[in-house]
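The model shown is predicted, which means the values in this text are computed figures rather than measured ones. Counting begins at 1 with the first residue of the sequence.
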Amino acid sequence: MLRGRLGPGVGVARRVAFTWATLSAAAHHHCYELAPTAAELRRLHTEVSVLLTQLDGRTESER
């Protein structure tokens, strides 16, 4: 849906998919895997914030 004609494009769609997969892996890590570091979680938080801004590119007057 994000890659479609009305969506933000392939680049953003790929970033969303990668971020979703990374967050999912971070939330469901196994006991034999290392948990994500605080720096990795901060980076994911920043990436989600950037992506939300890109996905909600409308201005207040357009809503």
Side-chain angles (χ1 to χ4, degrees):
M1 194 164 132
L2 292 175
R3 293 181 189 193
R5 195 179 68 184
L6 300 176
V10 175
V12 173
R14 286 182 181 155
R15 286 175 62 195
V16 168
F18 175 79
T19 304
W20 178 269
T22 305
L23 282 170
S24 180
H28 299 97
H29 70 276
H30 298 283
C31 60
Y32 53 83
E33 297 175 325
L34 293 174
T37 65
E40 290 170 330
L41 292 174
R42 274 192 295 275
R43 175 67 185 117
L44 288 170
H45 180 270
T46 301
E47 182 69 8
V48 168
S49 297
V50 169
L51 289 169
L52 286 174
T53 301
Q54 289 180 347
L55 292 173
D56 191 28
R58 299 173 297 164
T59 63
E60 287 294 323
S61 62
E62 294 173 326
R63 291 182 187 172

- Any chance NE2 of H45 has more than 12 other-residue heavy atoms, nucleotides or ligands included, within less than 6.0 Å?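 Counting neighbours around NE2 of H45, 12 or fewer heavy atoms of other residues, nucleotides or ligands fall under 6.0 Å, so no.
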- Message: With a sphere of 6.0 Å drawn around CG of L34, does it hold more than 12 non-hydrogen atoms of other residues, nucleotides or ligands?
- Response: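 Counting neighbours around CG of L34, 12 or fewer heavy atoms of other residues, nucleotides or ligands fall under 6.0 Å, so no.
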- Test item: T46 side-chain N/O and R42 main-chain N/O as donor-acceptor pair under 3.5 Å: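 Yes; judged by distance alone, with no hydrogens or angles, the pair exists.
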- Query: Do T22 and E47 pass the side-chain contact (heavy atoms from CB on, under 4.5 Å) test, and can you show the C-alpha distance, the side-chain angles, and the key distance before you say yes or no?
  - Reply: CA-CA 11 Å; T22 305; E47 182 69 8; over 6 Å; no
- Heavy-atom pair with the smallest gap, counting every atom of V48 and L23: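 That would be CG2-CD1, 3.8 Å.
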